[in-house]
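One-based numbering, in listed order, for ligands and for the atoms of each.
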Amino acid sequence: MADRVRVTLLGTGTSTGIPVIGCSCPVCRSSDPRDTRSRCSALVQVDGVSILIDAGPDFRAQALRENIERIDAVLFTHHHFDHVVGLDDLRPFLFRNRAPIPCYAPPETERVVRQMFSYIFDDGSYPGVANLTLHALDGTPFEVASRESGNVARVIPIPAWHGETPVYGYRFGKVAYLTDTNRIPDSSMALLKGVDVLILDALRRRHHPTHFSFDEAIEVSRRVKARETWFVHMTHTVGHAEEDQAMPEGVRLAYDGLVVGA
Ligand SMILES: [Zn+2]
Ligand SMILES: [Zn+2]
């Protein structure tokens with residue numbers, strides 16, 4: 001049976017992207033395409049509804065690479081630049097949708113994004129700007145509808161912490177996506193119960209104050225008991241081939257363009 005929820009990992013790299021500008025380390029110079037990582041983003045397709053998670057600096061190239069033709073909604077995880085600065089590149093989708101694309105974000109992110117893109121959100125009179133609406137989430141599950149099919153997808157926000165910054169992960173059926181986090185409170189672990197496929201921030205082997213290290217992410221994966229866990233947001237200290245085969249059963253490193261689902 002085809003997966004009900006299909007996730008295309010548009011980007012799987014940390015904020016610099018890999019290769020890092022000016023770096024000649026073995027991963028940045030690797031010829032393995034899985035070592036080239038654009039900034040983190042994902043396209044989630046649920047029952048004919050297309051949902052974009054984050055729109056970073058590589059969004060345009062990612063959308064062209066994956067031939068994305070439609071986006072019904074955008075979910076932001078948080079307001080760091082590598083997750084939001086591609087918002088304006090959504091303009092081509094508006095002509096296709098012929099209606100505003102709703103964007104959803106945690107409250108602080110909603111404020112920052114509205115400020116960053118004030119020409120879009122505060123004054124809709126400027127011609128040719130992206131026709132978007134922006135909504136602050138309060139953690140309550142909500143529904144996103146496809147204008148084309150009329151189908152509806154249910155989204156469950158998963159509140160988590162990225163150092164001192166509040167972020168949201170998102171759950172769709174048996175799939176959950178959590179990037180940029182190093183702490184998931186118990187109340188949110190409860191929301192991950194029954195998840196089969198977990199996409200999770202795992203920066204690198206070494207500890208970091210705002211991202212899970214590999215060991216920390218493996219521990220989360222064990223607690224969730226996901227069938228598959230896929231790591232994202234990795235740095236250039238992570239060589240795909242070597243590190244992927246060293247992972248415990250059920251845990252793998254994602255790469256740009258990988259499709260997973262449940
Ligand atoms: Zn990030
Ligand atoms: Zn490097």
Side-chain angles (χ1 to χ4, degrees), residues 7-44 52-62 74-87 89 103-106 108-110 112-113 116-117 157-170 176-184 188 198-214 216-217 220 229-244 253-256 258:
V7 181
T8 306
L9 294 165
L10 300 175
T12 57
T14 192
S15 56
T16 54
I18 317 294
V20 176
I21 293 173
C23 186
S24 54
C25 80
V27 175
C28 287
R29 301 183 65 175
S30 165
S31 58
D32 185 337
R34 298 170 303 177
D35 284 325
T36 296
R37 305 184 182 110
S38 59
R39 266 59 72 92
C40 270
S41 175
L43 181 73
V44 182
L52 178 70
I53 305 182
D54 290 333
D58 298 317
F59 172 68
R60 179 175 175 275
Q62 292 164 339
V74 182
L75 311 180
F76 288 111
T77 58
H78 67 302
H79 49 271
H80 288 160
F81 91 98
D82 52 323
H83 300 261
V84 300
V85 299
L87 185 67
D89 279 330
C103 305
Y104 301 90
E108 193 182 345
T109 301
E110 190 265 351
V112 175
V113 170
M116 280 177 79
F117 297 95
I158 313 281
W161 292 94
H162 179 32
E164 298 300 310
T165 305
V167 301
Y168 278 178
Y170 295 100
Y177 180 94
L178 275 134
T179 188
D180 293 66
T181 178
N182 65 331
R183 186 157 57 90
I184 305 173
S188 291
L198 176 64
I199 298 146
L200 185 62
D201 180 6
L203 191 73
R204 61 186 188 196
R205 291 235 158 246
R206 213 152 45 80
H207 178 77
H208 188 275
T210 66
H211 293 272
F212 283 133
S213 65
F214 281 5
E216 291 163 339
V220 172
T229 297
W230 296 95
F231 286 174
V232 295
H233 215 289
M234 291 166 287
T235 71
H236 65 153
T237 60
V238 179
H240 187 97
E242 188 189 331
E243 296 282 11
D244 188 47
L253 309 192
Y255 51 86
D256 287 24
L258 175 73

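Restricting Asp180 to its N, O or S atoms, the one at the least distance from the Zn ion (ligand 1) is OD2. For Asp82, the N, O or S atom with the smallest separation from the Zn ion (ligand 1) is OD2.
Here Asp35 pairs with Arg37 in a salt bridge; the nearest charged N to carboxylate O distance falls below 4.0 Å.
Side-chain N or O atoms of Asp82 include none that pairs as donor or acceptor with a backbone N or O of Arg39 at under 3.5 Å. Asp201 contributes a side-chain N or O that, together with a main-chain N or O of Thr181, makes up a donor-acceptor pair within less than 3.5 Å.
Donor-acceptor pairing under 3.5 Å is recorded for the side chains of Glu216 and His207. Under 3.5 Å, the side chains of Asp180 and His233 contain a donor-acceptor pair of N or O atoms.
Note: angle at the Zn ion (ligand 2), from SG of Cys25 to SG of Cys28, is 110° (rounded to 10 degrees). Vertex the Zn ion (ligand 2); arms to Cys23 atom SG and His236 atom ND1; angle 110° (nearest 10°).
Among the backbone and side-chain atoms of His83, an N, O or S atom lies under 2.8 Å from the Zn ion (ligand 1). Between the Zn ion (ligand 1) and His233 there is an N/O/S contact shorter than 2.8 Å.
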